> 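To start, I am sharing the structure in question, which I have written as structure tokens.
A, B, ... follow the sequence lines: proteins, then strands. Residue 1 opens every chain. The structure displayed is predicted, hence computed values, not measured ones.
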Amino acid sequence: MSIYDTLNEQQKEAVYRTEGPVLILAGAGSGKTRVLTHRIAYLIDRCGVSPWNIMAITFTNKAAGEMRERVDKIVGHGSESVWVSTFHSSCVRILRRYIDRLGFDNHFTIYDTDDQKTVMKEICKRLQIDTKMLKERTILGAISSAKNEFISPLEFAVNAAGDLVQTKIATVYTEYQNVMRKNNALDFDDLLVKTVELFQNCPDVLESYQERLRYLMVDEYQDTNTVQFELIRLLAAKYRNLCVVGDDDQSIYKFRGANIRNILDFEKVYPDAKVIRLEQNYRSTQNVLDAANHVIRNNKSRKEKTLWTDKGAGSPLHFKQFDTACEEAQFIAGEIRRKQAEGTVDFGQCAVLYRTNAQSRLLEEQFVLAGIPYQVVGGVNFYARREIKDLLAYLKTVDNGRDDVAVKRIINIPKRGIGAATIARVQEYADAHAISFYDALREADQIASIGRSASKLEPFVMLIQSLRGKLEYYGLQELLRDIIDTTGYVKALEESEEEDAESRIENIDELMNKVIAYEENHEEASLSEFLEEVALVADIDGVAADNNRVLLMTLHSAKGLEYSQVYLAGMEDGIFPSYMTITSDDVEEMEEERRLAYVGITRAKDDLTLTCARSRMVRGETQYNMVSRFVGEIPEELMDHRPPVVKRRSWEEYPQDTGSLNRFREKPFGSFGSRQAEAGGRNAEAGRGTGINSRSHMYTAGSLSAGIGSTRPANDPRLRPKAVLTPQRTEEENRPFFTKGAGALSGISKGAPAGGRPDYEVNDRVRHVKYGEGIVRKIEEGARDYQVTVEFDRAGTKVMYAAFAKLKKTE
DNA sequence: CGTACTAGTCTTTTT
DNA sequence: GACTAGTACG
């Protein structure tokens, strides 16, 4: 009995097929990691391949770590020689060794999104680009897309010929790369691009890697972009032992440049490729799989396949719709609490998945109230926090004096009385002498224009120099400790009045712990390597498997994971699929969104609950959403439709909730002009907030003043709580109202009173600022305002309140 | 030069 | 609602 006997036929085929190109189409939960690890073992044990000649590439450190662990377990001796790592880490490793061949210093730093933006801002300023018209983000996005497609600044410029905006971006792209080179820095995309350039320009280097990495395996192949494809292609060109594993149905990173054609066209690029399908699922119940299959079937561009399991039907999927997002969160927390109390499941077996990070807040609140241990994955990356970035900038400055971004970040932290004017003069000097900013600082006494300020720069330079000197005998730990002490960073926080000072200090402690852990795990811990590792961590990497907490994360982060109990929250048109997708005219986007739904559903092993809310706050506005079309794509017989537990009020009453009342009115009343608001707003909070905040306070107090406008009497019924709550709805009413077809769209409406009958009628053509033109289908007199249903030409049908839709008749 | 307040933007997803 | 960049003022 060998380890391979436990594999099914297709899995065996994938393991035994060691030579030549292989495409493994691995459905969700079909045991692809198992196949990969067994394949590595097979290569070593049975084929006599040296571990040294094998490489497995993943996307996240977490995936790489897990793969490594499993390989170690099953291969045993020699497994450490197998190269298991992420695309980005692999590239860094290669570039550290050879990037001097491209005229870079091997001691480069890696810029994160934040640093990129800093660079971009400076460039835009210098090139006098109106960032209101052309935003930094947009430019960076364009540059990133270009790099993902392996388009150089020069090519970009050629392609842009004739287009004013594109030409401008081309100029910025060129300049951006110049600055990066000057700073001896690479961004995430550069890591890949430069590696490919290196291979193209230096055949000897490429060949050495081809010789070494004779057996290549790529995980999550559906998410590779064009550069990654090229990288793999080059490496595999000599021995052609390339095995890629992926699932086109789980391709969810198109927005980041992933090219689904890489997997769909694999057989075109490698006509001799062996294609193996893994369709048996070992994870979920048949009900869950059926749901997933039905949803994904609505996609056109995919390779047909159907997952099956011998696990049995399992329990039905649960679906619940709530009035508010808060109730939704309450329910999820309550359910998890209940299950845990019953002893059926533990916290660690539960995960709540949502579309956007912002949705975690409400859930967190309820989890705290319910006393449920949880962990949120994502949001603001730990290493992106201000205090952490500050300290890292010190480390970077000590490590690489050419990183101007890092130096400028900390030159006045803590306050040294060095302002913008001084920095600008030093920069001029640096430019004039073609030296780095830091080197210019060292010659501060030579800079005539800064005068007395030179004396302020000196202590900073001294500090850095002395730290560099200490590097000889300092460990990383001592270095960081020294920086914290001499800068008084933590001390300043301790004395500060800031509300979050405490959590910042905790973060710094955490950084210290990470440094200590790093030194423990790496015998020859170097500053550069630490910084590099830190630059490449993803949110998901920090999730420990064994701490028995409920995990909250986005659907994207959840890819590759599995949980017994899965909750998909916010299943609403406008949230998921996102508003952007619904309004986009690119059909592919909806397909990608549907794949995301597929990923979400297939995370569940035993139990899947889908929830949504009729109303929720999004960016300070109340949205009314209909049930997600994806829920509608799941056959009803797979679900139960029990009515919500929470007592429900009638639709008209929403604004009566004091909570939503204020928010409900903020926007609308803002449009009345701020003067009235200030007249009534002598509230204490006025100092903190804008007039809008003070206004909402005013209403809570019930003092609706005449300032609001003559259309509303003081005893406006809308402000009196309705005494009678409508009884709970019948089962029939509680059935979700599905949105059918692509055209139907939820009514994203801003609530609001005031305003008479609109000047348009049913069947009139109207124009909306955001949604464009459409035809009025219905006008209803609601409690607060006229509700208008408009069928837009491009944006679908929307129900909106007349006063705020600001619709204009077009004829 | 530093602070305090305001206005604007954002968010769909991230190595 | 949350955060950030920009501006006015001391």
> Answer yes if the ring centres of A:H556 and A:Y354 are under 6.0 angstrom apart, and no otherwise.
no
> For A:N357, answer base if it contacts any base atom (sugar-phosphate contacts may also be present), sugar-phosphate if it contacts only those atoms, and nothing otherwise; contact means non-hydrogen atoms under 4.0 Å.
sugar-phosphate
> Apply side chain to side chain donor-acceptor pair (under 3.5 Å) to A:N357 and list each qualifying residue two or more places apart in sequence or on a separate chain.
none
> Calculate the interatomic distance between A:N61 atom CG and B:dT14 atom C1'; express it in whole Å.
13 Å
> Both A:D189 and A:T581 contact DNA chain B. Which one's nearest nucleotide lies toward the 5' end?
A:T581
> Between C1' on B:dT14 and CZ on A:F188, what's the gap in Å once rounded to a whole number?
9 Å
> Can you list everything that forms a salt bridge (charged side-chain N to carboxylate O under 4.0 Å, His left out) with A:E588? Sequence neighbours excluded, please.
A:K254
> Is any N or O donor-acceptor pair between the side chain of A:R256 and the base of B:dT15 shorter than 3.5 Å?
no
> Holding to ring pair (Phe, Tyr, Trp, His ring centres under 6.0 Å), I want the full list of residues that pass it with A:F87, two or more places apart in sequence or in another chain.
A:F59
> Whole angstrom is fine here: how far is it from CG in A:L192 over to C1' in B:dT14?
13 Å
> Between the main-chain N or O of A:D586 and the side-chain N or O of A:E589, is there a donor-acceptor pair closer than 3.5 Å?
no
> With sequence neighbours left out, write down each residue that passes side chain to side chain contact (heavy atoms under 4.5 Å, CB included) with A:V196, or none if nothing qualifies.
A:F150, A:Q200, A:V227, A:E230, A:L231, A:L234
> When rounded to the nearest Å, what value does the distance between P atoms of C:dT4 and B:dT13 take?
15 Å
> Categorize A:T422 for me: base, sugar-phosphate, or nothing, with a 4.0 angstrom heavy-atom threshold over every strand shown.
sugar-phosphate
> From NZ of A:K147 over to P of B:dT15, roughly how many Å is that when rounded to an integer?
18 Å
> Among C:dG1, B:dT12, B:dC10, which nucleotide sits nearest the side chain of A:R137?
B:dC10
> Whole angstroms only, please: what is the CD1-P distance between A:I575 and B:dC10?
18 Å
> Any side-chain N or O of A:S578 under 4.0 Å from OP1/OP2 of B:dT13?
no
> Within the structure, does a side-chain N or O atom of A:N148 lie under 4.0 Å from either OP1 or OP2 of B:dT15?
no
> C:dC3, OP1 or OP2 - any side-chain N/O from A:R386 closer than 4.0 Å?
no
> At less than 4.0 Å, is any side-chain N or O atom of A:T554 found next to OP1 or OP2 of B:dT14? Yes or no.
yes
> Starting the side chain at C-beta, find the nucleotide from C:dG1, B:dT14, B:dT12 nearest to A:M617.
C:dG1
> Run the ring pair (Phe, Tyr, Trp, His ring centres under 6.0 Å) test against A:Y111 and tell me which residues pass, sequence neighbours left out.
none
> Distances under 3.5 Å only, N/O to N/O: pair up the protein atoms with those of nucleotides 2-4 of chain B.
{"residue": "B:dG2", "atom": "OP1", "partner": "A:G417", "partner atom": "N", "Å": "3.2"}
{"residue": "B:dG2", "atom": "OP2", "partner": "A:N412", "partner atom": "ND2", "Å": "3.3"}
{"residue": "B:dT3", "atom": "OP2", "partner": "A:K415", "partner atom": "NZ", "Å": "3.3"}

> Take atom CD of A:E621 and atom P of B:dC10, then tell me their distance rounded to the nearest Å.
14 Å
> Side-chain N or O of A:K135 less than 4.0 angstrom from OP1 or OP2 on B:dC10?
yes
> With centres under 5.5 Å and planes under 30° as the test, does A:F59 stack with B:dT15?
no
> Before you tell me yes or no, could you show the steps for A:D248 and A:R302 under salt bridge (charged side-chain N to carboxylate O under 4.0 Å, His left out), namely the whole-Å CA-CA distance, both residues' side-chain angles and the distance that decides it to 0.1 Å?
CA-CA 6 Å; A:D248 50 306; A:R302 62 184 288 258; 5.1 Å; no
> Crowded around A:E365 CD? As in, over 12 foreign heavy atoms under 6.0 Å?
yes
> For A:F229, what residues pass the ring pair (Phe, Tyr, Trp, His ring centres under 6.0 Å) criterion, not counting sequence neighbours?
none
> What is the distance from NE2 of A:H556 to C1' of B:dT11, rounded to the nearest Å?
13 Å
> Which comes earlier along DNA chain B counting from the 5' end, the contact point of A:T86 or that of A:R355, where each point is its nearest nucleotide?
A:R355
> Report yes if a side-chain nitrogen or oxygen of A:R619 is closer than 4.0 Å to either non-bridging phosphate oxygen (OP1 or OP2) of B:dT12; otherwise report no.
yes
> Polar-atom pairs under 3.5 Å, protein N or O versus N or O of nucleotides 6-10 of chain C: list them with distances, or write none.
none

> Nearest whole angstrom, please: distance from the C1' of B:dT12 to the OH of A:Y579.
13 Å
> Residues in ring pair (Phe, Tyr, Trp, His ring centres under 6.0 Å) with A:Y567, at least two apart?
none
